[in-house]
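Below is one structure, written out as structure tokens; comments come after it.
Keep in mind the model is a prediction, meaning the values are calculated, not measured. Every heavy atom of this structure was used, including side-chain atoms; hydrogens, water molecules and symmetry mates were not.
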Amino acid sequence: MSRRTEEPDYRPESADDHREVAFVDDLVILPDQTGDDTDAGWGERASSNDERLLADRPPHWG
């Protein structure tokens with residue numbers, strides 16, 4: 001059985017520091033919202049009352 005007796009080279013000029021690594025930012029591992037977390041997932045219609053809430057806001061809110 002052979003064992004490696006050399007220590008890894010952690011100096012800044014080591015070969016690993018010169019290796020290019022491509023990062024992919026658009027990779028989606030998990031979705032932000034599941035299907036069960038939506039109105040459609042519960043069998044309901046998608047409805048938004050944002051316009052009503054904006055129209056009903058008190059005058060002192062500007």
Side-chain angles (χ1 to χ4, degrees):
M1 181 180 347
S2 66
R3 289 192 168 183
R4 188 173 178 179
T5 58
E6 293 180 14
E7 290 294 319
D9 186 8
Y10 293 117
R11 292 177 292 159
E13 61 272 358
S14 70
D16 285 341
D17 289 333
H18 299 290
R19 180 178 47 158
E20 285 190 33
V21 178
F23 292 105
V24 180
D25 290 335
D26 59 344
L27 179 66
V28 177
I29 296 176
L30 293 175
D32 291 334
Q33 188 177 37
T34 64
D36 292 340
D37 198 23
T38 62
D39 292 338
W42 286 91
E44 299 175 1
R45 291 184 302 181
S47 62
S48 173
N49 62 352
D50 291 345
E51 291 179 25
R52 182 189 61 82
L53 292 173
L54 288 172
D56 289 345
R57 77 181 157 182
H60 64 276
W61 280 15

Next item on the list: Could you point out which residue of Leu30, Asp32, Asp36, Thr38 forms a side chain to side chain contact (heavy atoms under 4.5 Å, CB included) with Thr34?
Entry: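 Only one option passes, and that is Asp36.
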Next item on the list: For Glu51, look at atom CD and say whether over 12 heavy atoms of other residues, nucleotides or ligands are found less than 6.0 Å away.
Entry: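 Count not over threshold, so no.
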Note to self: Checking the side chain of Trp42 only, and the main-chain atoms of Asp37 only, is there a donor and an acceptor separated by less than 3.5 Å?
What the structure shows: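 Not at all, since once roles are kept as given, no pair shorter than 3.5 Å links the two residues.
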